[in-house]
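The next block holds one structure in the form of structure tokens; read it before the comments.
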Amino acid sequence: MATDIVPELLEAIERDFNNAISKSKRLKSIRAMIENGTATYQQANEYAVEIGEILARTFEMHIKSDVLPDGKMYYNIAERILDPTLKNNHVIVAKVSAEIQEQLNKSVGLGLRGIEPPVNQLRIDSIINRVVAEEVFDDVAWILQEPIVNFTQTTVDDTIKANVEFQGESGLNPLIMRSAHGSPPCEWCRSMQGIYKYPDVPDDVYRRHDRCRCVVEYYPGDSEEIRRQNVWSKEWSG
Ligand SMILES: [Zn+2]
């Protein structure tokens with residue numbers, strides 16, 4: 001390869017991504033809700049969709065066959081562009097989700113901090129492997145669209161899962177509610193609707209297909225249990 005296109009390409013992507021984020025009214029209004037303590041996981045999910053869509057649009061603007069050597073997405077380009085940008089989406093959304101979780105905990109008198117889930121490296125690797133598999137990047141460009149949004153939403157669902165399991169292992173029985181959205185939502189999504197109580201939470205509750213806009217929400221353990229647990233929950237606060 002004559003010239004390494006990655007440094008300049010990555011810089012342009014990061015610049016436009018950050019610009020779009022700072023201009024987003026949707027993100028701004030969600031941040032205001034977090035600040036005044038009214039945000040729920042519905043807002044976390046909206047935040048993730050917006051962050052995912054912004055990154056997908058930025059990719060669409062900058063990554064095309066005609067800027068890539070031989071029109072192909074080589075592994076060493078994909079890895080150096082997608083790994084940091086997808087990790088960054090995870091970090092942004094994990095922070096917001098954990099913040100909302102902590103507020104939900106507080107709203108019922110639980111002094112538990114919100115836990116941030118680890119990044120799902122397997123999913124990043126699988127996105128990278130899918131875009132490098134084709135000879136012509138434009139044939140797989142769609143992978144850097146909706147699957148990027150889906151990846152970013154996963155951080156929210158992983159945050160719920162991490163906190164539900166942590167609280168469950170601590171003796172609480174948190175509730176998870178999944179509601180179907182979409183026009184109309186698919187049969188699978190409709191079948192997953194409902195309220196689940198820890199530990200009876202199938203893994204599928206946290207799963208979503210591309211373009212799924214279902215909302216998965218967390219409710220702290222039922223009030224009686226919370227009152228009982230609250231006496232000693234202070235051990236974990238901080
Ligand atoms: Zn769905």
Side-chain angles (χ1 to χ4, degrees), residues 24 26-27 29-30 33-34 38-60 82 85-86 89-101 104 114-127 129-131 140-165 167-168 173-220:
S24 167
R26 203 166 164 200
L27 297 181
S29 78
I30 296 169
M33 286 180 77
I34 296 172
T38 54
T40 68
Y41 270 101
Q42 201 169 328
Q43 279 72 44
N45 189 52
E46 273 176 39
Y47 202 92
V49 169
E50 177 78 353
I51 294 280
E53 285 176 350
I54 289 174
L55 186 59
R57 276 201 301 275
T58 313
F59 284 157
E60 193 176 27
L82 299 180
T85 49
L86 290 175
N89 269 23
H90 170 81
V91 168
I92 293 171
V93 172
K95 188 170 177 285
V96 162
S97 303
E99 223 173 311
I100 289 173
Q101 175 71 46
L104 292 171
I115 295 170
E116 292 181 23
V119 66
N120 191 333
Q121 189 65 44
L122 278 177
R123 286 205 58 190
I124 294 182
D125 294 344
S126 110
I127 289 172
N129 289 328
R130 281 158 82 195
V131 287
V140 279
W142 64 269
I143 292 167
L144 299 189
Q145 293 304 305
E146 180 58 26
I148 300 302
V149 179
N150 191 282
F151 165 82
T152 311
Q153 285 175 288
T154 301
T155 297
V156 179
D157 304 323
D158 285 351
T159 306
I160 299 180
K161 190 177 183 195
N163 284 279
V164 161
E165 287 177 356
Q167 297 191 6
N173 292 95
L175 303 175
I176 299 104
M177 191 180 85
R178 178 166 173 141
S179 49
H181 293 265
S183 49
C186 71
E187 209 166 300
W188 184 80
C189 282
R190 270 182 291 152
S191 77
M192 289 312 296
Q193 280 199 104
I195 293 172
Y196 301 85
K197 184 172 181 175
Y198 182 92
D200 301 317
V201 189
D203 249 1
D204 277 353
V205 173
Y206 304 109
R207 291 213 177 101
R208 51 176 84 240
H209 51 77
D210 278 357
R211 269 171 276 278
C212 171
R213 296 292 181 267
C214 293
V215 176
V216 183
E217 288 203 77
Y218 156 92
Y219 288 99

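When a ligand or atom number is given, it counts from 1 through the structure's own listing order.
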Which of L82, L144, I148, I92 passes side chain to side chain contact (heavy atoms under 4.5 Å, CB included) with L55? Answer is I148
At a cut-off of 2.8 Å, protein N/O/S around the Zn ion (ligand 1) gives C189 SG, C212 SG, C214 SG
Residue set satisfying salt bridge (Lys or Arg N to Asp or Glu O under 4.0 Å) with D200, at least two apart, ordered chain then number -> none
Sequence neighbours excluded, the answer for side chain to side chain contact (heavy atoms under 4.5 Å, CB included) partners of V93 is A48, I51, S97, T152, T155, V156
_Could you check whether Y218 and Q167, counting side-chain N and O atoms only, form a donor-acceptor pair closer than 3.5 Å?_
yes
Contacts of D125 meeting side chain to side chain donor-acceptor pair (under 3.5 Å) (sequence neighbours excluded), chain-then-number -> Q121
Open item on the list: Can a donor-acceptor pair be found, under 3.5 Å and without considering hydrogens, that links the side chain of Q153 to the backbone of C212?
Closed with: yes
